Amino acid sequence: MASRPRTIALIVAAGAGSRMGGDIPKQFRQVRGQPMLRHSYAALTQHPEIDAVFVAIADGQEADALSALEGLPSPKLVSGGATRRLSVRHGLEAIAAGGGVDQVLIHDAARPFLHADVISRLTDALREAPGAVPALPVVDSLARGEAVLADTVDRENLWRIQTPQAFRFDAILAAHRGWSGDEPTDDARMLMTAGQEVRMVQGDEALAKFTFASDFAGHDMPISTRSGSGFDVHRLVPGEQLWLCGIRIPHHLGLSGHSDADVAMHALTDATLGAMALGDIGDHFPPSDPQWRGASSDRFLAHAMKLARDAGYELANCDVTIICEAPKIGPHKAAMRARLAEIMTVDVASISVKATTTEMLGFTGRGEGIAAQAVATLERRC
Ligand code: MG
């Protein structure tokens, strides 16, 4: 099988946002609890076919961009230009300078709600054509007129074209370098002007562009919220490593059992699966299967999060409680939260890790084992 093409995404986030009102450029304004840019940046960095994400920003926006993307894989920032076309051109030249790229997805930050299946449809289409765009049919009646309705426009074969737009890299770079016309409406237009074919793939209503201040209204209400709980216990024994929330803790005892026996991560994995009513960790990774012996538990949690995302859900928050007399958990909490955030590819602010003892009572009090419980809440917002 041929190796997968190297694919880079470029997000154009260089606007001043003057139509939106307010002082903050719209790509940094909060929408559904996060800066707008963060939504599509996270979707692109999480997609298995995207190797790197560049972001074109206006001069002086570095701090805003870095703050908006804090905790996510480090962005490659590029200075934008005076127009959208020039911002894309600068981005493409920066990507070209790095070399070795086969395909590029060019996306507008103003379309924050980018789902993985749109990205996959675009990259699939690039096997057949040098360009591909998400398209949706026009459903409203269209008309010409000034104040008074004049001609109706036949909407058959009319499409709304969205971003990301996907291209074979050399083709779109050549189209940009050779461009001499008026400002184009989008990059697909430039590729077509260069005589090349652009395919349409199914777009997504959720990808709607934020253009007016009123577009922000109503976006903070989740349309579906689900919660799950998880509980787990493993035995403390000599001769094992102690892993909790993906962090190796120095201790004279370690946990025994399924995989690396990371009891806290197992509880959180079960909470995530539970929220989606997708069974428990043992259903997905049977303890009887030797391939999970000693395995790092991060893959279980990442898998549970992927299943949730596949169903359109994101983590709203989770709360993990580790129950043991020793070792002390406090010094490790920050590292635990950071590691869980990395595995789940979410904001560290969404993750809580706590610890308690049982006042020397019971098996945890006697140091025979460690227990953990977790609650996870997932939300679908589009
Ligand atoms: Mg377990």
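Read the numbers this way: they start at 1 and go in the same order the structure lists the ligands and their atoms. Please read all numbers here as calculations on a predicted model, not as lab measurements.
Under 4.0 Å is where a charged nitrogen must lie from a carboxylate oxygen, and between D319 and K354 at least one such pair does.
Panel note: side chain D204, backbone A206; a donor-acceptor pair is recorded below 3.5 Å.
Atom CZ in F363 sits 10.0 Å away from atom CD1 in I370 (nearest 0.5 Å).
For the pairing with D187, the salt bridge (charged side-chain N to carboxylate O under 4.0 Å, His left out) check across R84, R85, R89 returns one residue only, R84.
Protein N, O or S atom count below 2.8 Å of the Mg ion (ligand 1): the structure gives 3.
Residues passing the side chain to side chain donor-acceptor pair (under 3.5 Å) test with S256, sequence neighbours excluded: none.
Ring geometry for H258 versus F300: interplanar angle under 30°, hence parallel rather than tilted (30 to 60°).
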